[in-house]
Amino acid sequence: MSSTLDIDAVAAFLGAAEFRSFTRAAQALGTTQSLVSVRVKRLEETLGRLLLQRHPRLVRLTAEGERFLPAARDLMAAHERAREAFSDARERIAIGISEQAVGPDVPVLLARLAGHDPRWLISLRIAASAVMEDAFERGELDVVVLRRFGPGRTGEVLRRDTFGWFAAPTLLRQPGEPLPVVSLMAECGLRRHGTEVLDRAGIAWREAFIGGGMAAVFAAVMGGLGVSPLAARIAPQGAVDVGPQWGLPELGSSEVILRSNVATPKGHAFVRELAAAFRGR
């Protein structure tokens, strides 16, 4: 086995392992899928170990890959510290995110991304998409990830989500009673979209629960308090789309958008990795 590891190959391995995709790893690293694959193959040959199992739509760590992963992270962190050894400045980035766009585990994701380079100072705001976009336009935020239901300002489309009316499998609709709706605060675009669709369809509804965050909304849904208009991608595990069974109107789809005004190469690299992470969520 060679005694020298290629740092670019280790970065390619980490990207593929964490995103479970060569395509998304390439997007995060600003390179091509084929080059990521070549670099990972080179690393495996250097180590004499198979690190990743390749499947048509998914990449998974082997047992040897699981064993190598912590050491690879330590190596990359040490590499970043060495690169920044003569720089005392920390780079600050202000991020705004809509939970309805990406789900309730945003802080965990950002902590993992920041862990790649401890010199990042991340400021995070979580609010409705409209609030985040206004703050971005005022220059208060460097990056926003939000949900858009129609034409809007510029932005990179990360993905398109379809929606459903999600509820606990034990929840039964009461004949003649208004539909109990679980949602985020009044400023939430998806809440407004869902209630407008119900009004147009002539379906009576009532506020059953208003949550201050997606974790609270998910808990209310799974607790059987009502139905919630949610992107199928982020609906809580175990919830079911009762829309077709209950005769509820279709909610359609919308785009998840990233907008950024970062100006430094290091900032651009961070945003690429952020975008790659949210494409798969």
Side-chain angles (χ1 to χ4, degrees), residues 96-109 124-135 144-152 157-257 278-281:
I97 291 175
S98 165
E99 276 192 297
Q100 274 284 20
V102 296
D105 57 348
V106 173
V108 175
L109 173 63
L124 172 65
R125 289 176 61 182
I126 298 177
S129 293
V131 174
M132 293 293 92
E133 191 149 31
D134 287 344
V144 288
V145 178
L146 47 92
R147 186 173 295 287
R148 184 175 289 168
F149 286 92
V157 178
L158 300 182
R159 67 171 188 262
R160 175 169 286 275
D161 287 341
T162 57
F163 299 103
W165 295 98
F166 285 90
T170 55
L171 183 66
L172 300 176
R173 185 166 189 187
Q174 303 301 320
E177 293 293 323
L179 183 74
V181 174
V182 173
S183 67
L184 282 174
M185 68 291 293
E187 296 86 356
C188 174
L190 185 51
R191 174 195 180 278
R192 183 168 58 252
H193 175 66
T195 55
E196 288 175 352
V197 166
L198 291 174
D199 289 340
R200 287 197 297 270
I203 296 176
W205 59 276
R206 64 177 176 85
E207 299 277 16
F209 182 89
I210 299 176
M214 291 305 296
V217 169
F218 286 3
V221 167
M222 297 312 296
L225 297 186
V227 301
S228 183
L230 294 170
R233 186 188 293 261
I234 68 168
Q237 186 174 4
V240 295
D241 183 359
V242 299
Q245 180 183 353
W246 289 14
L248 301 179
E250 293 186 1
L251 290 163
S253 63
S254 77
E255 295 174 336
V256 174
I257 301 293
F278 286 142
R279 279 192 179 93
R281 302 194 77 74

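The first residue in the sequence is number 1, and the count goes up from there.
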message: The test is side-chain contact (heavy atoms from CB on, under 4.5 Å); show your working for L171 and V242 and say whether it passes.
response: CA-CA 9 Å; L171 183 66; V242 299; over 6 Å; no

message: To the closest 0.5 Å, what do you measure between CZ (R200) and CG (L198)?
response: 9.5 Å

- prompt: Is R148 salt-bridged to E133, cutoff N-O under 4.0 Å?
  reply: yes

- request: Measure across G226 and A167 and return the closest heavy-atom pair with its distance rounded to 0.1 Å.
  value: O-CB, 3.9 Å

task: Provide the closest heavy-atom pair for M214 versus I234 in the form atom of the first, atom of the second, distance.
output: CE-CD1, 4.2 Å

message: Whether the S98 and R147 side chains hold a donor-acceptor pair (N or O, under 3.5 Å, no angle test) is what I'd like checked.
response: no

message: Do I203 and V197 have side chains that approach each other closer than 4.5 Å (heavy atoms only, starting at C-beta)?
response: no

task: Supply the atom-to-atom distance T162 OG1 to L230 CG, rounded to the nearest 0.5 angstrom.
output: 11.5 Å

message: Working to the nearest 0.5 angstrom, can you tell me the gap between L179 CG and T195 OG1?
response: 11.5 Å

field: Least distance between heavy atoms, L146 atom then A101 atom
entry: C-CB, 4.0 Å

task: Would you name the heavy atoms of W165 and G194 that are closest together and state the gap between them?
output: CH2-O, 3.6 Å

NE2 on H193 to CZ on F163, rounded to 0.5 Å: 6.5 Å

task: Evaluate the side-chain proximity of P180 to L225: yes if any heavy-atom separation is below 4.5 Å, no if none is.
output: no

task: Rounded to the nearest 0.5 Å, what's the gap from CZ on F218 to OG on S228? Could you check?
output: 8.0 Å

task: Considering non-hydrogen atoms only, spot the tightest contact between V182 and A220 and give its length.
output: CG1-CB, 3.8 Å

query: Hey, does the side chain of R159 reach the backbone of V256 with a donor-acceptor pair shorter than 3.5 angstrom?
result: no

message: Could you measure the distance from the CG atom of L251 to the CG atom of L190? Nearest 0.5 Å is fine.
response: 7.0 Å

query: Is there a side-chain contact between M132 and V144, using heavy atoms and a 4.5 Å cut-off?
result: yes

Side-chain H-bond candidate by donor/acceptor type, R160 with S253, under 3.5 Å: yes

message: Quick check on E207: does its CD atom have over 12 non-hydrogen neighbours (other residues, nucleotides or ligands) under 6.0 Å away?
response: yes

field: Sub-4.5 Å side-chain heavy-atom contact between V221 and F209
entry: no

- request: Considering non-hydrogen atoms only, spot the tightest contact between I257 and E255 and give its length.
  value: CD1-OE1, 3.8 Å

